[in-house]
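Computed from heavy atoms alone, side chains included, the values below leave out hydrogens, waters and symmetry copies.
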Amino acid sequence: MNQEPGLWVQILFVYLAAVNISAFIAYGADKSKARRNKWRISESALITLAVIGGSLGALAGMIVFRHKIRKWKFRAGIPVILILQIILFWLIARCF
């Protein structure tokens with residue numbers, strides 16, 4: 001690959017921004033749907049958004065919308081995913 005590391009950093013930044021905004025919006029939408037007894041976003045979809053890089057947005061959505069904070073797999077799982085992702089990105093950044 002002859003591309004500069006700077007381009008990869010920009011692509012990663014745009015991806016992470018998009019997935020975190022999506023996760024935040026999804027948590028807000030699911031909370032809104034829960035209040036109105038409408039069709040809900042599945043828990044697996046919400047967790048998947050965190051796993052694919054949206055853990056910060058998911059955590060922010062949990063706090064801001066006070067959503068899924070009583071469920072242990074969210075209360076413990078999302079922060080653990082975030083910590084693991086921070087470690088992973090730190091290790092990747094050291095390579096560049």
Side-chain angles (χ1 to χ4, degrees):
M1 291 185 205
N2 290 333
Q3 295 176 334
E4 296 179 17
L7 178 61
W8 287 106
V9 171
Q10 291 173 356
I11 292 169
L12 180 61
F13 179 77
V14 170
Y15 170 77
L16 289 175
V19 75
N20 278 284
I21 290 168
S22 298
F24 183 80
I25 290 169
Y27 276 75
D30 191 51
K31 178 67 174 197
S32 176
K33 290 177 181 199
R35 287 182 176 162
R36 294 180 287 136
N37 291 323
K38 299 281 185 173
W39 174 84
R40 304 277 304 277
I41 299 170
S42 70
E43 289 185 350
S44 63
L46 294 173
I47 291 173
T48 299
L49 281 168
V51 169
I52 65 170
S55 56
L56 187 59
L59 186 61
M62 287 174 60
I63 294 167
V64 168
F65 302 115
R66 297 190 50 81
H67 191 51
K68 300 291 186 188
I69 56 176
R70 293 185 183 176
K71 297 203 171 216
W72 70 268
K73 64 181 164 184
F74 286 89
R75 189 174 190 158
I78 300 300
V80 167
I81 293 168
L82 176 59
I83 291 167
L84 292 173
Q85 288 175 345
I86 289 170
I87 293 168
L88 176 65
F89 294 134
W90 180 75
L91 291 172
I92 290 170
R94 288 188 62 198
C95 294
F96 287 106

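- Sorted pairs that involve residues 9-19 and meet salt bridge (Lys or Arg N to Asp or Glu O under 4.0 Å), not counting sequence neighbours, are lacking altogether.
- Within the structure, the side chain to side chain donor-acceptor pair (under 3.5 Å) test picks out no pair touching residues 56-65 (sequence neighbours left out).
- Under a hydrophobic clustering in which Ile, Leu, Val, Met, Phe, Trp and Tyr are joined whenever their side-chain heavy atoms come within less than 4.5 Å, directly or via other members, Ile69 and Tyr27 fall into the same cluster.
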For residues 41-63, run the donor-acceptor check on the side chains, cut-off 3.5 Å, and write out each pair with its distance to 0.1 Å, sequence neighbours left out.
unit_1	atom_1	unit_2	atom_2	d
Ser42	OG	Ser44	OG	3.2
Ser42	OG	Ala45	N	3.1
Glu43	OE1	Lys73	NZ	2.9
Glu43	OE2	Lys68	NZ	3.2
Glu43	OE2	Lys71	NZ	2.7
Thr48	OG1	Ser44	O	2.6
Ser55	OG	Gln85	OE1	2.4

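- Taking Ile, Leu, Val, Met, Phe, Trp and Tyr as members and joining any whose side-chain heavy atoms lie under 4.5 Å apart, directly or through other members, Trp39 forms no hydrophobic cluster with any other residue.
- To the nearest 0.5 Å, the span separating NZ on Lys38 from NZ on Lys33 amounts to 9.5 Å.
- One finds the CZ atom of Phe74 at 9.0 Å from the CD1 atom of Ile81 (value rounded to the nearest 0.5 Å).
- Note on residues 11-20: no pairs pass salt bridge (Lys or Arg N to Asp or Glu O under 4.0 Å), not counting sequence neighbours.
- In terms of the salt bridge (charged side-chain N to carboxylate O under 4.0 Å, His left out) criterion, residue partners of Arg40 (sequence neighbours excluded) are, by chain and number, Asp30.
- Residues passing the side chain to side chain donor-acceptor pair (under 3.5 Å) test with Asn20: none are found, sequence neighbours excluded.
- Grouped with Trp72 in a hydrophobic cluster is no other residue, since no side-chain heavy-atom contact under 4.5 Å to another Ile, Leu, Val, Met, Phe, Trp or Tyr is found.
- Here the CD1-CG distance, from Ile21 to Leu16, works out to 11.0 Å after rounding to the nearest 0.5 Å.
- For Phe65, the ring pair (Phe, Tyr, Trp, His ring centres under 6.0 Å) partners are Phe24, not counting sequence neighbours.
- Linking Ile, Leu, Val, Met, Phe, Trp and Tyr residues whenever their side-chain heavy atoms come within less than 4.5 Å leaves Trp90 and Leu84 in two separate clusters.
- Evaluation of the side chain to side chain donor-acceptor pair (under 3.5 Å) rule for Arg36 yields Ser32 as partners, not counting sequence neighbours.
- Arg75 is linked by a side chain to side chain donor-acceptor pair (under 3.5 Å) to nothing, counting only residues two or more places apart in sequence or in another chain.
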